[in-house]
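Below, all heavy atoms of this structure are taken into account, side chains as well, without hydrogens, waters or symmetry copies. Keep in mind that what you see is a predicted model, and the values were worked out from it rather than measured.
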Amino acid sequence: MVVKVLVVDDSSFFRRRVSEILEQDNDIKVIGFAVNGREAVEKTEQLRPDMITMDVEMPVLDGISAVKEIMASNPTPILMFSSLTRDGATATLDALDAGAMDFLPKKFEDIARNNDDAIKLLQTKVKEIGRRRIPRSFKPLVPAKLAPTSPAPSIKPSIVAKDTNIRQPDRSFQRSAVQPKSSVNASTIRTSGKHYQLLAIGTSTGGPVALQTILTQLPANFPHPILLIQHMPAAFTPAFATRLNSLCKIKVKEAQQGDRLQPGTAYLAPGGQQMMVEGRGAAKTLRVFEDQSERITYKPSVDVTFASVAKAYQGDVLAIVLTGMGADGRDGARMLKQTGATIWAQDENSCVVYGMPQALVNAGLASEILALDDVAVRIKRETGCG
């Protein structure tokens, strides 16, 4: 399948360069351009692209507002480009809440020169996201505490960086509304009866919305610490932790070196660094460090955190792998499984990209495969807090 793309940016240079990069891949075809958000809405109606690349800051109608209008009238997978600033991170999170599927940092130096890694990442994301189908009944995730979204801040950008049907023939993507409706009846859920000391969740593409959907349903007295490993740039994780903390009953913070793990607190791995658990017995702390190894692609890496968790907690862990490209988390989950930990994976139909969960399923590591809207209900029942 050739993915048809609409490129939206007010910079003629970026429009041209993004188009050149995308059309180096025979599976991608750029079918149109838009110079502002208003034109993007109109071109989406006219051209019906498979996916859209969208700048956040644009004249006439900004990227966030354009995403809202497109998702209301012609739901289409959207990849945002965002500057590496705090304002840029906040605006990008607003765009994800409005319905965009994923984002890439907008780095002038990456797009101006032939950076092979950046080119490959952009092409891969466009193909993965563009092959999803969003139903016309789509509802964006707009948290009550954040709606209505304020206009996008003024940002001066500095651009980057096949699923197989195993379980579901229908590849249409479903996103939760503010209060997800689980198909699971809590009173009929069978639990493992295991004792846990930790909940660990790893994710990538589509993860910010997935994590928000789950964590906002957990009670303030959640009985265990929670580790969150989300593939995200360093400039974005502080804003994401702050947003989650403002929406959730539990406490959410960006992890810091030496943090002592506490029940009812979620620790988000900082972008560009690794997060590991150290210590034995009741007193366990976090080691947060810069990883200079070229062998490990992701920073933070789900595998790195899961491996340390397997050593520190043995089998007293509930680990979940959510939507994301690639296979990060599979090796770490295998180590956890060997200690007796419980491993769950998100199902294909509710994933933005069924890569990371699929890797677990194919390896036979997942004891349960859950729709996103069912995950929080199952967590609460399994851990005895709901």
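Panel note: side chain Lys194, backbone Gly340; a donor-acceptor pair is recorded below 3.5 Å. Judged purely by atom type and a 3.5 angstrom limit, Gln230 has no side-chain atom pairing as donor or acceptor with the backbone of Leu268. Ser19 contributes no side-chain N or O that, together with a main-chain N or O of Arg15, makes up a donor-acceptor pair within less than 3.5 Å. Lys299 places no side-chain N or O within 3.5 Å of a backbone atom of Glu290 that could act as its donor or acceptor partner. Judged by distance alone, with hydrogens and angles left aside, the side-chain atoms of Lys68 form no donor-acceptor pair with the main-chain N or O of Ala98 at under 3.5 Å. Here the side chain of His224 pairs a donor or acceptor atom with the backbone of Tyr196 at under 3.5 angstrom. Here the side chain of Thr76 pairs a donor or acceptor atom with the backbone of Asn74 at under 3.5 angstrom. Between the side chain of Ser65 and the backbone N or O of Leu61 there is no donor-acceptor pair closer than 3.5 Å. A distance-only check finds a donor-acceptor pair linking the side chain of Ser308 to the backbone of Val277 [under 3.5 Å]. No donor-acceptor distance shorter than 3.5 angstrom exists from the side chain of Gln346 to the backbone of Leu372, with no hydrogens or angles considered.
Between the CD1 atom of Ile78 and the CE atom of Met54 there is a distance of 4.5 Å, given to the nearest 0.5 Å. Rounding to the nearest 0.5 Å gives a distance of 6.0 Å between CD1 of Ile21 and CG of Leu122. Here the OG1 atom belonging to Thr44 is positioned 3.5 Å from the CD1 atom belonging to Ile70, to the nearest 0.5 angstrom. For the atom pair CZ of Phe33 and OG of Ser12, the computed distance is 11.0 Å after rounding to the nearest 0.5 Å. The distance from the CD1 atom of Ile226 to the CG atom of Leu261 is 11.0 Å, given to the nearest 0.5 Å. The OG1 atom of Thr203 lies 8.0 Å from the CD1 atom of Ile214; values are rounded to the nearest 0.5 Å.
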### Query
Would Glu128 and Thr124 satisfy side-chain hydrogen bond (donor to acceptor under 3.5 Å, both in side chains), going step by step from the backbone distance to the final call?
CA-CA 6 Å; Glu128 291 278 8; Thr124 301; over 6 Å; no
#### Entry: Step-by-step side chain to side chain contact (heavy atoms under 4.5 Å, CB included) determination, Trp344 to Ile369
CA-CA 6 Å; Trp344 294 348; Ile369 303 169; over 6 Å; no
### Task
For side chain to side chain contact (heavy atoms under 4.5 Å, CB included), just list the numbers for Met71 and Val67, CA-CA rounded to whole Å, side-chain angles, deciding distance to a tenth of an Å, and then say yes or no.
CA-CA 6 Å; Met71 300 314 289; Val67 169; 4.0 Å; yes
### Message
Evaluate Gln256 against Tyr267 for side-chain hydrogen bond (donor to acceptor under 3.5 Å, both in side chains), listing each step before the verdict.
### Response
CA-CA 8 Å; Gln256 295 179 304; Tyr267 303 85; over 6 Å; no
### Task
Would you sort out whether Leu199 and Ile379 count as a side chain to side chain contact (heavy atoms under 4.5 Å, CB included), showing the intermediate values?
CA-CA 9 Å; Leu199 170 64; Ile379 289 173; 4.1 Å; yes
### Message
Show, in sequence, the C-alpha distance, side-chain angles and deciding distance for Val375 and Asp373, and conclude whether the side chain to side chain contact (heavy atoms under 4.5 Å, CB included) test is met.
### Response
CA-CA 6 Å; Val375 174; Asp373 287 350; over 6 Å; no
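Within the 4.5 Å cutoff, side-chain heavy atoms of Leu365 are placed close to those of Arg334. In this structure, the side chains of Asp9 and Val18 stay at 4.5 Å or more apart for every pair of heavy atoms. Contact of the Lys29 side chain with the Val5 side chain is not registered, since no non-hydrogen atoms from C-beta on lie closer than 4.5 Å. Annotation: side chain of Asp55 is not in contact with side chain of Val8 (no heavy-atom distance under 4.5 Å). Looking only at side-chain heavy atoms (C-beta outward), Glu254 and Pro270 come within less than 4.5 Å of each other.
Smallest separation of non-hydrogen atoms from Ser367 and Thr342: OG-CG2, 3.8 Å. Ala269 and Pro300 get closest at one heavy-atom pair: CB-CB, 3.7 Å. The minimum heavy-atom distance between Ile129 and Leu79, with the atom names listed, is CD1-CD1, 4.0 Å. Ala89 and Ala239 make their closest contact through CB-CB, 3.9 Å (heavy atoms, listed as atom of the first residue, atom of the second, distance). In terms of heavy-atom proximity, Met80 sits nearest to Val56 at CE-CG2, 3.8 Å. Of all the heavy atoms in Met275 and Leu227, the pair that sits closest is CE-CB, 4.0 Å.
The side chain to side chain contact (heavy atoms under 4.5 Å, CB included) test applied to Pro233 returns Leu84, Phe103, Pro105, Phe236, not counting sequence neighbours. Every residue meeting the side chain to side chain contact (heavy atoms under 4.5 Å, CB included) condition with Lys127, not counting sequence neighbours, appears here in chain and number order: Asp25, Asp27, Ile28, Arg131. Residues passing the side chain to side chain contact (heavy atoms under 4.5 Å, CB included) test with Lys380, sequence neighbours excluded: Gln217, Leu218, Pro219, Cys385. Residues satisfying the side chain to side chain contact (heavy atoms under 4.5 Å, CB included) criterion with Lys251, sequence neighbours excluded, are Asn245, Lys253, Thr265.
Under the 4.5 Å side-chain heavy-atom criterion for Ile, Leu, Val, Met, Phe, Trp and Tyr, Phe306 and Met335 are members of distinct hydrophobic clusters.
A salt bridge is defined here as a Lys NZ or Arg NE, NH1 or NH2 lying under 4.0 Å from an Asp or Glu carboxylate O, and Lys120 with Asp117 fails to meet this definition. The residues Arg243 and Asp97 are annotated as salt-bridged, a charged nitrogen and a carboxylate oxygen being separated by less than 4.0 angstrom. Comment: Glu69 engages Arg38 in a salt bridge, judged by a side-chain N to carboxylate O separation of less than 4.0 angstrom. Lys284 has no carboxylate O lying under 4.0 Å from a charged side-chain N of Glu278, or vice versa, which leaves the two without a salt bridge.
Taking the ring axis of Phe289 as reference, the NZ or CZ atom of Arg287 stays within 45° of it and closer than 6.0 Å to the ring centre. Relative to the ring axis of Phe14, Lys106 places its NZ or CZ within 45° and under 6.0 Å from the centre.
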For a quick test of your reading: what N or O donor-acceptor pairs under 3.5 Å do the side chains of residues 313-329 make, sequence neighbours left out?
| from | atom 1 | to | atom 2 | distance (Å) |
| --- | --- | --- | --- | --- |
| Gln314 | NE2 | Ala310 | O | 3.4 |
| Gln314 | NE2 | Lys311 | O | 3.2 |
| Asp316 | OD2 | Gln197 | NE2 | 2.8 |
| Thr323 | OG1 | Thr205 | O | 2.7 |
| Thr323 | OG1 | Val352 | N | 3.1 |
| Thr323 | OG1 | Val353 | N | 3.1 |
| Thr323 | OG1 | Val353 | O | 3.3 |
| Asp328 | OD1 | Ser301 | OG | 3.2 |
| Asp328 | OD1 | Val302 | N | 3.4 |
| Asp328 | OD1 | Asp303 | N | 3.1 |
| Asp328 | OD2 | His231 | NE2 | 2.7 |
| Asp328 | OD2 | Val302 | N | 2.7 |

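A side-chain contact (heavy atoms from CB on, under 4.5 Å) with Ile31 is found for exactly one of Lys43, Arg48, Lys4, namely Lys4.
Applying the 4.5 Å side-chain rule to ILVMFWY residues, one finds that Val2 remains a lone member of its cluster.
Side chains of Tyr298 and Ser204: a donor-acceptor N/O pair is absent below 3.5 angstrom, by distance only.
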